2 protein chains.
Amino acid sequence: MSNGVTERTVSERLQGHGIQASAQRVAVAEYALRTTDHPSADVVWAKVRESFPFLSRATVYNTLNLFVAKGLLRPLVIAEGRVVFDPNVEPHHHFVDEETGEIHDVPWDAVAIRSIEPPRDFELRDYQVIMRGSRRGRPARARPRGSSRSSVK
Amino acid sequence: MSNGVTERTVSERLQGHGIQASAQRVAVAEYALRTTDHPSADVVWAKVRESFPFLSRATVYNTLNLFVAKGLLRPLVIAEGRVVFDPNVEPHHHFVDEETGEIHDVPWDAVAIRSIEPPRDFELRDYQVIMRGSRRGRPARARPRGSSRSSVK
DNA sequence: GTCTCGATCTAGACTATGTCTAATGGTGTG
DNA sequence: CACACCATTAGACATAGTCTAGATCGAGAC
């Protein structure tokens with residue numbers, strides 16, 4: 001794909017957002033800015049270390065937070081127990097599979113909103129629709145939470 | 001307020017949902033089923049212990065998860081770093097104040113949705129709009145995250 | 001009343017996510 | 001080379017949440 005955004009090297013993208021490039025930051029960016037998996041910070045750490053073993057956990061957290069501050073990633077508070085990161089910073093919605101915990105992007109125009117009214121005295125900065133459900137045909141009962149066993153005896 | 005729902009005692013509500021009442025469960029319910037604060041489990045623990053000191057943390061977690069399983073509470077994955085609980089189990093939306101982290105209920109009809117299309121092969125169980133912003137007049141820059149100091153140097 | 005059984009409650013160990021700190025190392029400028 | 005600055009590191013720390021093993025409670029059987 002050569003759409004004028006992804007054809008630039010990762011290193012150039014970082015510098016274009018005012019981020020000093022370094023070996024570690026490029027390695028994190030190569031994964032985190034290309035994936036569609038909505039990984040958590042620890043998942044990024046594990047993935048990147050496969051090809052770049054000299055990388056501390058603190059650096060991954062620092063780097064991801066830096067990318068968020070510079071507008072390269074968006075943090076999502078949707079998954080249970082952790083923040084996940086989305087390199088798609090354009091407006092869109094999300095669908096959470098309640099059985100697997102997987103998060104899928106939903107195009108902005110898959111939802112037609114006629115009007116939206118924030119609470120009085122509050123200023124709306126952005127919004128999105130969070131859908132929950134499961135793959136068609138599966139009943140989807142008790143949600144997995146932490147361990148695989150049921151959380152209520 | 002005597003609207004046919006809240007006029008029943010908490011103990012009766014628990015039994016009506018198939019939950020064996022106990023001193024601890026009633027104490028948790030008195031707070032968690034009445035509040036509009038969207039508390040986390042540890043907040044519930046702290047609040048309830050003010051008037052009911054003999055209460056372990058595990059009991060609070062067990063009890064809240066039981067209430068969720070029985071449909072008395074809805075878990076929300078909106079706030080950073082924790083799950084919060086909402087005794088309003090009717091459909092509604094939420095507004096997150098990005099400065100304070102406070103969560104406010106938004107009535108269902110504050111948003112007019114004309115159509116909504118989940119991803120192919122997925123079954124939509126429920127959905128809600130998550131709005132983010134801040135109180136009018138305040139600029140709302142860096143979001144507080146964990147500690148009060150900036151997370152990116 | 002007392003025995004028994006299952007449900008509930010408890011303290012504390014444990015795991016996972018995330019932040020902070022102090023020290024180390026690399027790079028550019030003079 | 002020396003200095004300053006920034007990135008990186010390991011590990012300590014903080015917090016949310018789960019699990020376990022044992023104590024305790026309560027209701028029915030006798």
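None of the values given here were measured: they were computed from a predicted structure. Within every chain, numbering begins at 1; the chains are lettered A, B, ... in the order of the sequence lines, protein sequences first and strands thereafter.
Counting to the nearest Å, the P atom of dC25(D) and the CG atom of Leu55(B) are 15 Å from each other. One can place CZ of Phe54(A) at 16 Å from C1' of dG26(C), the figure rounded to the nearest angstrom. The distance between atom CG of Leu14(A) and atom P of dA7(D), rounded to the nearest whole Å, is 12 Å. With rounding to whole Å, Asp42(A) atom CG is found 12 Å from dT15(C) atom C1'. Distance, Tyr61(A) OH to dG18(C) C1': 5 Å, rounded to whole Å. The CG atom of Asn62(A) sits 10 Å away from the P atom of dC20(C) (whole-angstrom rounding). Separating the CH2 atom of Trp45(B) from the C1' atom of dC9(C) is a distance of 14 Å, rounded to the nearest angstrom. Atom CZ in Arg57(A) sits roughly 7 Å away from atom C1' in dG18(C) (whole-Å rounding).
Proximity of Asn65(A) to the phosphate of dT19(C): a side-chain N or O atom is located under 4.0 Å from OP1 or OP2. In this structure, Ser22(B) does not reach the dA7(C) phosphate: none of its side-chain N or O atoms is under 4.0 Å from OP1 or OP2. Using a 4.0 Å cut-off, some side-chain N or O of Gln24(A) falls inside it from OP1 or OP2 of dT9(D).
At the heavy-atom level, Thr59(A) lies under 4.0 Å from base atoms of the strands shown. As judged by a 4.0 angstrom heavy-atom cut-off over every strand, Arg25(A) is placed among residues touching the sugar-phosphate backbone only.
With sequence neighbours excluded, the residues satisfying side chain to side chain contact (heavy atoms under 4.5 Å, CB included) with Ala58(A) are Ser56(A).
Looking at Arg82(A), its side chain has no donor and acceptor atom pair within 3.5 Å of the base of dG18(C).
Tyr61(B) and Ile19(B) fall into different hydrophobic clusters, where Ile, Leu, Val, Met, Phe, Trp and Tyr residues are linked whenever their side-chain heavy atoms come under 4.5 Å apart, directly or through other members.
Ranking dT10(C), dA7(D), dG17(D) by closeness to the Ala41(B) side chain, first place goes to dG17(D). When distances run from any side-chain atom of Ser56(B) to the nucleotides dG18(C), dA11(C), dT8(D), the shortest one goes to dA11(C). The Gln20(B) side chain lies nearest to dT8(C) when the options are dT8(C), dT9(D), dG17(D).
Proximity of Phe85(B) to Thr35(B): side-chain heavy atoms (C-beta onward) are nowhere separated by under 4.5 Å. You'll find the side chain of Val129(B) stays beyond 4.5 Å of the side chain of Trp108(B), heavy atoms only.
Defined by atom type and a distance below 3.5 Å, a donor-acceptor pair is missing between the side-chain atoms of Asp97(A) and His104(A).
Nearest-nucleotide assignment on DNA chain C puts the 5′-proximal partner with Thr63(B), out of Thr63(B) and Gly81(A).
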